[in-house]
Amino acid sequence: MGFLAFLLLGLIAGAIAKAILPGRQGGGLLLTMLLGVVGAFLGGWIGSLLFGGGLGDFFDLRTWLLSILGAIIVLLIFGALRGRRSRV
């Protein structure tokens with residue numbers, strides 16, 4: 001998968017993860033893409049550990065599910081860190 005395709009995957013996976021999670025996470029388009037790309041990396045790593053294969057082609061369902069799962073995990077971590085920082 002090419003670099004631009006991976007950025008597009010991260011942007012879409014981050015947006016889907018934000019839509020799935022309840023509440024308001026904040027952040028704009030750039031933060032969504034950054035968290036989505038980090039989530040796609042995390043999802044690929046989790047997939048390689050659990051299933052023996054990470055991210056595949058752009059149009060592969062496994063690629064999308066792993067990327068969205070990773071983006072959800074990254075958004076949960078980001079929300080927990082952001083919430084803790086605002087209370088201090």
Please round to the nearest 0.5 Å and tell me the distance separating atom [atom1] of [X] and atom [atom2] of [Y].
X: Leu66; Y: Asp60; atom1: CG; atom2: CG; value: 9.0 Å
X: Leu50; Y: Trp45; atom1: CG; atom2: CH2; value: 9.0 Å
X: Leu34; Y: Leu7; atom1: CG; atom2: CG; value: 10.0 Å
X: Leu11; Y: Phe6; atom1: CG; atom2: CZ; value: 12.5 Å

What are the two closest heavy atoms between [X] and [Y], and how far apart are they?
X: Ala17; Y: Ala71; result: CB-CB, 3.7 Å
X: Trp64; Y: Phe59; result: NE1-CA, 4.2 Å
X: Leu9; Y: Ser67; result: CD2-OG, 3.4 Å

**Asked** In terms of hydrophobic clustering (I, L, V, M, F, W, Y; side-chain heavy atoms under 4.5 Å; direct or indirect links), are Val38 and Phe3 co-clustered?
**Response**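 Yes, same cluster.
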**Item:** Cluster overlap Leu65 with Ile46, hydrophobic side-chain contacts below 4.5 Å
**Value:**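 The answer is no; the residues belong to distinct hydrophobic clusters.
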**Request:** Please examine the side chains of Ile72 and Ile16, heavy atoms only from C-beta on, and report whether any two atoms are closer than 4.5 Å.
**Result:**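 No, too far: nothing below the 4.5 Å cut-off.
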**Asked** Side-chain contact, heavy-atom cut-off 4.5 Å: Leu69 with Ile73?
**Response**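 The answer is yes; the side chains approach within 4.5 Å.
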**Item:** Steps toward side chain to side chain contact (heavy atoms under 4.5 Å, CB included) verdict (Ile68, Ile12)
**Value:** CA-CA 9 Å; Ile68 293 168; Ile12 296 171; over 6 Å; no
